[in-house]
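See structure below.
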Protein chains: 2
Amino acid sequence: MQKQGEDILKNSALSVTASRKRILEIFLAADNALAHQDIETKCADQYDRVTIYRTLQTFLEKGIIHNIPSTDNMVRYALCNDACITTGHHHDNHVHFRCDQCGKTVCLDDVNIPPVNLPRGYTMKEINMVVNGICKSCK
Amino acid sequence: MQKQGEDILKNSALSVTASRKRILEIFLAADNALAHQDIETKCADQYDRVTIYRTLQTFLEKGIIHNIPSTDNMVRYALCNDACITTGHHHDNHVHFRCDQCGKTVCLDDVNIPPVNLPRGYTMKEINMVVNGICKSCK
DNA sequence: AATACTTTTGCAACAAAGTTGCATTCTTAA
DNA sequence: TTAAGAATGCAACTTTGTTGCAAAAGTATT
Ligand SMILES: [Mn+2]
Ligand SMILES: [Mn+2]
Ligand SMILES: [Zn+2]
Ligand SMILES: [Zn+2]
């Protein structure tokens, strides 16, 4: 697993640093999307808050992670799938699910966002779908 | 227009106060969704920041406005349509659009969110769709 | 219209989140 | 091994959001 993180960094032409490896490790081990705060909780003793901000920003730009919109001012992040990483820009098209019970946000990698028709004049570049409800673990 | 704001407040069994009327006015005059900050800019000289927070919270709870998720930690708010207000809880089902050019977020009231099938075990309670791209005013 | 009761507001104080510049340390490639 | 460039930590700061409480405003009743 250590190795996997390094590979991701190298594939994205990023230098391999301790904090980046650690943050990737955290994502690889997580079963749900993580907010900045979640990551801070797991490693603020080792790495500076600012470093975490900058690392997430870098990972976003490199297409290593994608962010998930929210109405609670807690943007969450999840690893992109391999396809997304290798091509260098996002083409995620899956639905996200937020459980009202356990609060976890997950990628439903197998559920594609259904197509939608915009009014004349609008150009679509990206699309996000977030469903709220109860997850399968909670009920 | 003054009158309209008062009616909304009375329909929701809220007391009619100057700040609430003013904030409703701002929403009624806006052609796009507003973040807390936008509202503050327009009336921080008249009303306290805390009052704006509490007013938005109240409006949300009463179903006068709904919020729109974002990936920039700026939740935006827009008026619910009449149907939504009168019943007292949200049943918005329209798509939101965020323009990458002008930065405006709008309700596409006529575009319904297409249905999506979740994996077995997941229960859907609410659904949000936000599309990014270029709006009709910008191109 | 005056009263009593309830709700809302503003203020202060605070906590949390996010940003920026810069010196130091670490990575990488020659 | 070294030099150049990139990333990190720290400090200082700004912005955003929260809470308790006293004062003010709104509402219902007489
Ligand atoms: Mn995802
Ligand atoms: Mn809307
Ligand atoms: Zn759950
Ligand atoms: Zn636009």
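Throughout, protein chains are lettered first and strands after them, A, B, ... in sequence-line order, and every chain is numbered starting at 1.
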[X] [atom1] to [N] [atom2], straight-line distance once rounded to whole Å:
X	N	atom1	atom2	value
B/Tyr47	D/dA25	OH	P	11 Å
A/Gln46	D/dC10	CD	P	13 Å
B/Asp45	C/dC11	CG	P	12 Å
B/Asp72	C/dA17	CG	P	17 Å
A/Ile39	C/dA17	CD1	P	13 Å
A/Glu6	C/dT28	CD	C1'	13 Å
B/Arg20	C/dG10	CZ	C1'	15 Å
A/Gln57	D/dT8	CD	C1'	16 Å

A/Asp48 vs B/Leu14, nearer the 5' end of DNA chain D by closest nucleotide: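 Between the two, 5'-proximity favours A/Asp48.
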Counting only side-chain N and O atoms of A/Thr51, is one of them less than 4.0 Å from OP1 or OP2 of D/dA7?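 It does not, given that no N or O in the side chain of A/Thr51 lies less than 4.0 Å from OP1 or OP2 of D/dA7.
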How far apart are the closest heavy atoms of B/Ser70 and B/Arg76, and which atoms are they?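 Nearest pair, atom of B/Ser70 first, then B/Arg76: CB-NH1, 3.8 Å.
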Which atom names give the shortest non-hydrogen contact between A/Thr123 and B/Phe97, and what distance separates them?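 Closest heavy-atom pair between A/Thr123 and B/Phe97: O-CZ, 3.6 Å.
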Return the CD1 to NZ distance between B/Ile134 and B/Lys139, rounded to the nearest 0.5 Å.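 If we round to the nearest 0.5 Å, B/Ile134:CD1 and B/Lys139:NZ are 8.5 Å apart.
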Can you pull every protein N or O that's under 3.5 Å from an N or O on nucleotides 16-21 of chain D?
from   : atom 1 : to      : atom 2 : distance (Å)
D/dT16 : OP1    : B/Gln37 : NE2    : 3.1
D/dG17 : OP1    : A/Asn73 : ND2    : 2.7
D/dG17 : OP2    : B/Tyr53 : OH     : 2.8
D/dG17 : O5'    : B/Tyr53 : OH     : 3.4
D/dG17 : N7     : B/Arg49 : NH1    : 3.1
D/dG17 : N7     : B/Arg49 : NH2    : 3.2
D/dG17 : O6     : B/Arg49 : NH2    : 3.1

Is A/Val75 linked to A/Leu34 within one hydrophobic cluster, defined over Ile, Leu, Val, Met, Phe, Trp and Tyr using a side-chain heavy-atom separation of less than 4.5 Å?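 A/Val75 clusters together with A/Leu34.
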Hey, what's the ring geometry for A/His94 with A/His66, parallel, tilted or perpendicular (30° and 60° as the breaks)?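 Rings of A/His94 and A/His66: perpendicular, over 60°.
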Out of D/dT27, C/dT9, D/dA7, which nucleotide sits closest to the side chain of A/Ser15?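 Shortest atom-to-atom distance from the side chain points to D/dA7.
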Select one nucleotide: of C/dT9, D/dT27, D/dA7, the one nearest the side-chain heavy atoms of B/Ser19.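 Out of C/dT9, D/dT27, D/dA7, the nucleotide with an atom closest to B/Ser19's side chain is C/dT9.
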Is it true that atom CG of A/Asp72 has more than 12 heavy atoms of other residues, nucleotides or ligands lying nearer than 6.0 Å?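 Check passes, neighbour count above 12.
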Evaluation steps, salt bridge (charged side-chain N to carboxylate O under 4.0 Å, His left out), between A/Asp31 and A/Lys104: CA-CA 9 Å; A/Asp31 65 339; A/Lys104 286 184 180 176; 3.5 Å; yes
